[in-house]
Amino acid sequence: MTTVISDVVDRHGCELLDADDPLASLRERFVLDESVIYMDGNSLGALPRATPPRLLHLISEEWGRGLIRSWTDAGWMEASERVGGKIARLIGAEPDEVLVADTTSVNLFKLVTAVLRARPDRRVLLTERDNFPTDLYVSAGVASSFADHEFRTVARESLEAAIDDEVALLTLTHVDYRTGEVHDMAALTEAAHRAGALVLWDLSHSAGALPLDVNACSADLAVGCGYKYLNGGPGAPAYLFVARRLQEALRNPIQGWLGHESPFALENEFRPAAGMRGWLVSSPSILAITALEVAVDLALEVDMQRVGEKARRLSELFIRLADSRLASHGFSVASPSDGARRGAQASLRHASGYGVVRALIDRGVIPDFRDPDVCRFGLAPLYTRYVDVWDTIDHIVAVMESGAYQDPGYAVRAFVT
Ligand SMILES: *Cc1c(COP(=O)(O)O)cnc(C)c1O
């Protein structure tokens with residue numbers, strides 16, 4: 001029987017939720033220090049226990065002994081497509097529609113440029129004003145490299161109205177990084193298609209945390225990052241999705257040798273590879289892709305519907321406890337109250353939010369801070385427990401009651417917040 005979150009009144013209630021959690025056993029598949037409460041899996045996912053031995057084998061055997069033969073014998077050359085095909089299953093794409101390559105920003109550059117080049121009759125690139133910074137920066141940069149294109153940014157609530165017949169591409173991040181608010185992928189994609197525009201979704205804060213179905217939504221393009229809820233490790237490679245129906249029409253603007261139809265023919269003229277391999281640029285980082293693959297294999301063991309359900313329940317618990325115990329300390333909840341519109345995070349606003357986050361980190365509770373006043377708590381469903389939410393709220397209350405958040409040492413911002 002599933003316990004109703006609103007019935008939870010104490011830590012014991014959270015222990016019962018954990019005992020009932022069908023995903024509970026996954027936690028031990030990660031390296032997690034029991035003296036730390038990790039609330040930042042939305043920025044850097046935890047380390048799967050299977051990753052270090054796999055990398056050790058890769059380094060000592062495949063690289064150390066196999067040397068260059070391993071490009072063929074150990075499947076290195078296919079890794080970008082193979083791991084892409086696995087990520088495809090997490091996002092509702094076909095295996096030949098996803099490739100692991102480069103970083104999210106670079107993949108954004110490749111896809112946005114490709115669309116603007118393919119559609120010279122439409123001069124507007126549209127996005128949301130508060131999109132993730134790299135999405136804004138890359139899009140603005142690409143638009144400015146075309147002679148008379150406009151990079152149009154509008155408020156979230158004005159997006160649908162701003163899609164007109166000048167728009168070549170609408171580019172959006174599915175889950176807002178500050179608040180965790182989820183866009184309606186199907187509805188916005190349909191609105192864009194009605195106006196003849198294509199849509200690119202950034203799934204960085206979605207994949208591995210929520211069920212996704214890009215093809216059911218008729219999404220055209222997507223990118224996403226490997227190091228957040230996918231747990232691929234710091235600086236893990238990213239992925240890109242190109243719907244099969246667009247693969248002929250769009251061309252990778254970075255013509256690197258590995259995107260060539262026949263890289264080892266070493267011809268002087270570039271001929272693009274067909275399919276997703278054409279989106280490769282360079283030799284893939286095999287160490288990094290291998291770490292990502294271990295983590296993606298782990299995510300594929302579980303049903304993403306269940307993962308999304310747990311995300312909703314963890315964040316509901318967080319928000320309910322914040323409403324009842326933190327409002328008197330000056331916090332307000334920044335995440336949507338409707339669970340269907342919330343990613344795997346809960347965000348609080350507080351005028352001294354930066355000091356609160358620093359004081360929590362000094363107590364072994366690790367969230368992060370985003371300007372101007374947002375304390376973000378990542379609730380990665382694969383390894384976050386309901387008791388972790390309870391204990392985090394307890395720590396926030398303690399930080400407020402002791403005044404620890406006002407420590408003058410927290411006045412100076414660290415470079416990474
Ligand atoms: C984390 C994140 C990225 C990461 O970009 P990289 O270039 O891979 O570092 C991009 N977009 C969004 C929305 C993100 O949250």
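The analysis underlying the following values was restricted to heavy atoms, covering all of them including side chains, and did not include hydrogens, waters or symmetry mates. One-based numbering, in listed order, for ligands and for the atoms of each.
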If you round to the nearest 0.5 Å, how far is [atom2] of [Y] from [atom1] of [X]?
X: Asp220; Y: Phe241; atom1: CG; atom2: CZ; value: 7.5 Å
X: Asp368; Y: Met39; atom1: CG; atom2: CE; value: 12.0 Å
X: Leu379; Y: Tyr38; atom1: CG; atom2: OH; value: 12.5 Å

Ignoring angles and geometry beyond distance, decide whether [X] reaches within less than 3.5 Å of ligand 1 through its nitrogen or oxygen atoms.
X: Asp202; value: yes
X: Ser105; value: yes
X: His205; value: yes

I'd like the name of whichever of Thr104, Leu203, Asp176, Asn131 reaches closest to atom 10 (C) of ligand 1 through any heavy atom. Thr104

What part of Tyr177, side chain, backbone, both or neither, has a heavy atom within less than 4.0 angstrom of ligand 1? neither

Below 4.0 Å, non-hydrogen atoms only: which portion of Val106 touches ligand 1? Side chain, backbone, both or neither. neither

Is the positively charged end of Arg358 above the ring of Phe369, judged by distance under 6.0 angstrom from the centroid and angle within 45° of the axis? no

Please identify which atoms of ligand 1 are closer than 4.0 Å to at least one heavy atom of [X].
X: Ser204; answer: 2 (C), 3 (C), 10 (C), 11 (N), 12 (C), 13 (C), 14 (C), 15 (O)
X: Thr173; answer: 13 (C)
X: Thr134; answer: 10 (C), 11 (N)
X: Asp135; answer: 11 (N), 12 (C), 13 (C)

For atom 1 (C) of ligand 1, what's the nearest protein heavy-atom neighbour? Residue, atom name and distance, please. Lys228 NZ, 1.3 Å

Tell me: protein heavy atom nearest atom 4 (C) of ligand 1, and distance? Tyr227 OH, 3.1 Å

Name the orientation class of the two ring planes belonging to His350 and Phe331 (parallel below 30°, tilted from 30 to 60°, perpendicular beyond 60°). tilted

On a heavy-atom basis, the closest approach of Asp130 and Asp176 is O-OD1, 4.0 Å

All heavy atoms of Cys14 vs all of Trp390, minimum pair found to be SG-CB, 3.7 Å

Step by step, work out the side-chain contact (heavy atoms from CB on, under 4.5 Å) result for Leu348 and Val356. CA-CA 11 Å; Leu348 302 176; Val356 172; over 6 Å; no

